[in-house]
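All of these numbers come straight from a predicted model, not from anything done at the bench. Letters A, B, ... mirror the listed sequences (proteins, then strands); counts begin at 1.
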Protein chains: 2
Amino acid sequence: MNQPTIQEAIKVACSNCNLRELCMPVGFDSEDMQKLDEVVATRRRVKQGDLLFANGEEFTSLFAIRTGFFKTCISSADGREQVTGFQMAGEIIGLDGIVSDFHSCNAIALEDAEVCVMPFANIEDLSREFPLLQRHMHKVMSREIVRENGVMMLLGNMRAEERLAAFLLNLVQRLHARGLSQTEIVLRMTREEIGSYLGLKLETVSRAFSKFSEEGIIEVKQRYVRIIDPEALKKIFNPQTYC
Amino acid sequence: MNQPTIQEAIKVACSNCNLRELCMPVGFDSEDMQKLDEVVATRRRVKQGDLLFANGEEFTSLFAIRTGFFKTCISSADGREQVTGFQMAGEIIGLDGIVSDFHSCNAIALEDAEVCVMPFANIEDLSREFPLLQRHMHKVMSREIVRENGVMMLLGNMRAEERLAAFLLNLVQRLHARGLSQTEIVLRMTREEIGSYLGLKLETVSRAFSKFSEEGIIEVKQRYVRIIDPEALKKIFNPQTYC
DNA sequence: ATCAAGCTTTGATTCAAATCAACATAAGTG
DNA sequence: CACTTATGTTGATTTGAATCAAAGCTTGAT
C-alpha cells in the first residue's frame, strides 16, 4: 500500500541524536542510553506525498520523526477527509494503531522525511526495564489526548479566525522549540489541509489569512507567513485574558 | 475544590468484579489476578453533580468507573465549555493528567457514582511486572486517541443530524456491551451537554431529536429515547455505505 | 399541593461559514 | 520555454446552525 521506500540498515543511535530531548526521556546515564538505542530498529525515508502508514495496515512500530513534516488523516465512508494532526521533527506518530493492532489513519509526508522506526515490542520491553522510558511513553500518549481535547474546543466552540490564530500560534511555538524562527513560517500544508484540520473550507482559511494580513497582524504570501503581532493573535484566540 | 466524598476503606478486588473484562486485561491466572488487585487502592463515591477531579488538581490516580456516569469538560479562558467525553461503567477516566501531573479537565458525575481509585504509581509498577497489563494500558490510551479522532471527524465534517445519529449509535453500542437494552436509553445528560460534546447548541440538538422522532426513527420523551429504526440512524451517520 | 428553578420544545430571525464562480499565481513537466 | 495542473484569492449568494424569544414540562423544595 505504501510507495516503496529506502530501508536503511545504517547504525542509528538515539544517544547521539540532536532530537533526543524531544523524542526521549531525559535523565539517563550513558550506559542506559546505549541500551535505549535498541528502541530504534532502523530508519526509513519517506518522500513527499508518500504514506508512512495507511489506514488498515498492520501496526508494528511507532515512528519518531527525524526530519520532515507529516499529516495524519482519516476519511469517512462517503469520502470526507479529516486531518487529525500535523507532526514535525521530534514527534511520535502511529499511536492510533496500538488499540487494534491496525492503523486507523493515514500518515502522509508533506515534505521529504526521515523517521526512526521503533518496533512497539521493543518499546514495551524497554519500558518494563526503564521506568523513565515507561513514564515518557505514557506522557507522549497523554499529551496527544490533551492536544485532541484542545482541538475539540477549537472545532466545537471557536470561530474561524480564532481557530486559525490558535493554529498559527501552536505552529510557531513548536517550531520555535526546535530552534526555528518565532516569527517566520513556511507552511508545509495547503489551505485545504489547514481547513480540514480546523473544520473549515479552504476559502474560509484563505479569507482569515487575508483578514489578519489587512489588519497588520501577519504578512502572508502563499505558504510564507510572518507573524508581525503575536499579541494580537493571542488576543483573537483568547479574548478574555486580554480584556 | 471537590465536594466532600466518602473514602471507603473496604477491601476491593478486581478479581471478583463483574466489570473486570471491561477495565482489566484478560488472560491472567488467579494468582496473578490477586496481585493485580493491588492496582486499586480504594473506592470512592461521587454524588451527582460533584467533581471526581478538577482542572488544575494534581494527578495521582486514574479512576475506573464502577457505577454511574460522568462527563469530562474543559473551558476556554472566556468561559466557553466543551464536553470532551461521556464515560460509563468499566471505562477509565483521568488520562489527561498523566502528561503534566495535573488534570487538564473537570470530571463531573452525571448521576451518583462509584469509582475504583488506581494510583498511577501502582499501575506503572504492576505494568512493568505484567506485560499484559502494560499492553492493556497502552490500548486504553490509544483507544481514547482514536475516539477523539472520530470526534474530530464529527465536528469538522458532519452535519447536526449526522452528529446526533453517531452519538446515539455510540451510546447504545456501549450500553449494549454492558448488557443493557440496544433500543432504549435514558440519557444521563442534558441537551446542552450533548450539544457541547457535538459542537451544537441545545436548540439544534432538540430539533434534531424532534426531526428523528417525526421521521419515526426514534421515540423521544425528554431523557427517554427508544431507537425504532437503527438502520435509518446508521444511514444518516454514514450515507455512502447505504447507497 | 404549590411554587420555583431547571430543562425542553418550537418558532422567527440573524449570521458565519459554505458554496458557487471566476480569476490569479505558482509549480511541475515534457 | 510553453503548457498543464495544483493552489490560492476574492466576490456573490445560499444555507445550516446560532441566536433571540416564548411557552410547556419536570422535578424538587417548602
Participant: Measure from CG on B/L202 to C1' on C/dG6 and round the result to the nearest Å.
Facilitator: 12 Å
Participant: Is B/S206 close enough to C/dT9 that one of its side-chain N or O atoms is under 4.0 Å from OP1 or OP2 there?
Facilitator: yes
Participant: I want to check a possible cation-pi pair here: A/R191 against A/F209, using under 6.0 Å from ring centre and within 45° of the ring axis as the test.
Facilitator: yes
Participant: Looking at A/R80 and B/E162, is any side-chain nitrogen of the basic one under 4.0 Å from a carboxylate oxygen of the acidic one?
Facilitator: yes
Participant: Could you write out each protein N or O paired with an N or O of nucleotides 12-15 of chain C at a distance under 3.5 Å?
Facilitator:
{"unit_1": "C/dA12", "atom_1": "N6", "unit_2": "B/R207", "atom_2": "NH2", "d": "3.3"}

Participant: Using a strict 4.0 Å threshold on nitrogen-to-oxygen distance, state whether B/E91 and B/R143 make a salt bridge.
Facilitator: no
Participant: Would A/K211 and A/E215 count as a salt bridge (Lys or Arg N to Asp or Glu O under 4.0 Å) if you check the C-alpha gap in whole Å, the side-chain angles of each, and the deciding distance to 0.1 Å?
Facilitator: CA-CA 6 Å; A/K211 178 115 185 292; A/E215 290 168 343; 3.3 Å; yes
Participant: Tell me: CE of A/M158 to C1' of C/dA16, nearest whole Å?
Facilitator: 16 Å
Participant: Kindly indicate whether the side chain of B/Y224, heavy atoms from C-beta on, has any atom under 4.5 Å from the side chain of B/R226.
Facilitator: yes
Participant: Let's go through B/I236 and B/I217 carefully: what are the C-alpha distance in whole Å and the side-chain angles of both, what is the deciding distance for side chain to side chain contact (heavy atoms under 4.5 Å, CB included) to 0.1 Å, and is it a yes or a no?
Facilitator: CA-CA 10 Å; B/I236 288 165; B/I217 297 169; 3.7 Å; yes
Participant: What integer distance in Å separates B/K211:NZ from C/dG11:C1'?
Facilitator: 17 Å
Participant: Out of B/T84, B/I98, B/L95, which one pairs with A/I145 under the side chain to side chain contact (heavy atoms under 4.5 Å, CB included) rule?
Facilitator: B/L95
Participant: Could you state the CD1-C1' distance from B/I194 to C/dC7, rounded to the nearest angstrom?
Facilitator: 12 Å
Participant: Whole-Å distance between C/dC7 C1' and B/L187 CG?
Facilitator: 13 Å
Participant: What contact category does A/G199 fall into here, base, sugar-phosphate, or nothing, at under 4.0 angstrom with non-hydrogen atoms?
Facilitator: sugar-phosphate
Participant: Quiz question: going by heavy-atom distance under 3.5 Å, is there a donor-acceptor pair between the base of C/dC20 and the side chain of A/E203?
Facilitator: yes
Participant: Among C/dA26, C/dC7, C/dA17, find the nucleotide with the atom closest to the side chain of A/Q222.
Facilitator: C/dA26
Participant: Apply side chain to side chain contact (heavy atoms under 4.5 Å, CB included) to the pair A/R188 and A/M88, showing each step before the final yes or no.
Facilitator: CA-CA 10 Å; A/R188 256 65 234 213; A/M88 58 179 69; over 6 Å; no
Participant: Below 4.0 angstrom from OP1 or OP2 of C/dT10, is there any side-chain N or O of B/S210?
Facilitator: yes
Participant: Which nucleotide of DNA chain D is the first, and which the last, in the 5' to 3' direction, to come under 4.0 Å of a heavy atom belonging to chain B?
Facilitator: D/dA17 to D/dT26
Participant: Return whichever of A/T204 or A/K221 has its heavy-atom-nearest nucleotide of DNA chain C closer to the 5' end.
Facilitator: A/T204
Participant: Figure out the CD/P separation between A/E161 and C/dA16, and round it to whole Å.
Facilitator: 10 Å
Participant: From CZ of A/R223 over to P of C/dA26, roughly how many Å is that when rounded to an integer?
Facilitator: 13 Å
Participant: May I ask you to test the B/I194-B/L164 pair for a side-chain heavy-atom distance under 4.5 Å?
Facilitator: yes
Participant: Which whole-number value in Å describes the distance from A/R163 CZ to C/dA16 P?
Facilitator: 13 Å
